[in-house]
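Below, all heavy atoms of this structure are taken into account, side chains as well, without hydrogens, waters or symmetry copies.
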Amino acid sequence: MSIDNLIDKALALGVDGVELRRELWRNYADELPAVRARLEAEKLHVTYATFSVLFAPDDDAHALLLHDMDTAHALGSPLLRVFPGATPADLNGAGWNRARAAIDHAAGLGLEIALENFSGTPGGTLAEIQHILNTINVPALKTNIDTGNYPLHGQDVVEAIQAIGDRAIYVHLKDYAGKPDGATVALGQGDAPLREILAALAALPQNLLYCFEFGGGEDPDTRIRQAQTFLQQIAAQG
């Protein structure tokens, strides 16, 4: 699906915006100006995500992370979703220094980093995310809470929200059938404790951007509509 097709789909489904990713957008450099103009014309929000990691293992990976920040800024996204990568032990070593430099670069762009708990290792546990947020406690470094990833590490999402919710800016919402490592389903159609999770998120004082992140199955439109209905029901219940 082209980005224009994706925007068409967002408009047809009545969602508020789209999350774009470099890895899934082959011609992003050439198409970006036109995409931004259309998003603004349609009054759609946009966020940007990357598989680049905060603790870049080398200078080339660090340069790509900075490039992703520049792209997010050019697109008009308020944030860049990144994963931590392997957290270096030496707080004064090259890894932490590159991370601090990246965060400074984001701040200079007026961009916030949404650090996500990765689905695998390293970088998936609450302790890892907390350590990074506590060590680099600056306004430009925030977190994206992925509601399906903490359970993959045997951790409770509500407890994670209570621990680092004051630094949250973004949320990836997903539901799953059976165990957390099972197939994702539309919100409210699975076994995740979403009502408790959403209540914990709603209790936070800051505004959050919520992003659907689950498989579409054979009928993605229906799954998105089911998720919208579920959230509307939660909102109506207060």
Side-chain angles (χ1 to χ4, degrees), residues 1-54 63-83 102-103 105-116 139-148 167-174 184 186-187 198 201 204 206-217 219-232 235:
M1 180 178 284
S2 71
I3 302 302
D4 264 338
N5 293 152
L6 183 64
I7 293 172
D8 290 339
K9 182 65 68 175
L11 292 168
L13 290 168
V15 296
D16 296 318
V18 293
E19 179 188 273
L20 303 180
R21 302 185 181 192
R22 169 174 50 80
E23 294 85 359
L24 301 176
W25 187 3
R26 181 175 300 176
N27 300 316
Y28 72 94
D30 294 331
E31 296 177 0
L32 192 153
V35 167
R36 173 167 182 168
R38 186 171 180 209
L39 289 167
E40 290 179 346
E42 302 288 4
K43 295 182 171 54
L44 287 174
H45 295 288
V46 62
T47 57
Y48 199 60
T50 178
F51 281 91
S52 292
V53 297
L54 182 63
L64 182 57
L65 174 61
L66 299 186
H67 172 72
D68 288 335
M69 292 178 182
D70 292 341
T71 303
H73 175 66
L75 189 61
S77 172
L79 60 86
L80 176 69
R81 191 293 311 271
V82 303
F83 296 118
I103 295 166
H105 185 73
L109 295 171
L111 193 73
E112 293 181 300
I113 296 174
L115 186 69
E116 179 181 326
L141 181 61
K142 297 294 193 342
T143 188
N144 172 46
I145 294 175
D146 188 299
T147 65
R167 300 286 292 276
I169 183 177
Y170 198 40
V171 180
H172 274 173
L173 290 172
K174 61 184 62 167
T184 56
L187 304 183
L198 289 165
L201 291 168
L204 298 173
Q206 73 271 30
N207 292 324
L208 297 169
L209 288 170
Y210 293 89
C211 178
F212 293 162
E213 192 190 38
F214 49 81
D219 188 357
D221 287 18
T222 294
R223 284 196 171 184
I224 291 172
R225 291 191 177 99
Q226 287 173 332
Q228 290 172 297
T229 298
F230 175 74
L231 291 184
Q232 289 163 355

Next on the checklist: The criterion is ring-ring contact (aromatic ring centres under 6.0 Å, His included); which residues satisfy it with Phe214, sequence neighbours excluded?
Outcome noted: Phe212
Checklist entry - Donor-acceptor pair, Thr50 side chain versus Val82 backbone, under 3.5 Å? => result no
Item to check | Check: Asp4 main-chain N/O paired with Arg38 side-chain donor or acceptor under 3.5 Å | outcome: yes
Checklist entry - Hey, are the side chains of His73 and Tyr48 touching, using non-hydrogen atoms and a 4.5 Å cut-off? => result no
Next on the checklist: My understanding is that only residues two or more places apart in sequence, or in another chain, count here; which of them pass ring-ring contact (aromatic ring centres under 6.0 Å, His included) with Tyr210?
Outcome noted: none
Checklist entry - Roughly how far, to the nearest 0.5 Å, is CG of Leu204 from CD1 of Ile169? => result 13.0 Å
Checklist entry - With sequence neighbours left out, what residues match His105 under ring-ring contact (aromatic ring centres under 6.0 Å, His included)? => result none
Item to check | Arg167 side chain vs Leu141 backbone, donor-acceptor pair below 3.5 Å | outcome: yes
Checklist entry - Backbone N or O of Ser77 within a donor-acceptor pair of the Thr47 side chain at under 3.5 Å? => result no
Checklist entry - Counting only heavy atoms not in Arg21, do more than 12 sit closer than 6.0 Å to its CZ atom? => result yes
Next on the checklist: Cation-pi check for Phe51 against Arg81: NZ or CZ below 6.0 Å from the six-membered ring centre and within 45 degrees of the axis, yes or no?
Outcome noted: yes
Checklist entry - Does Glu116 use its side chain to pair, donor to acceptor, with the backbone of His172 at less than 3.5 Å? => result no
Item to check | Centroid separation His67 to Tyr28 less than 6.0 Å | outcome: yes
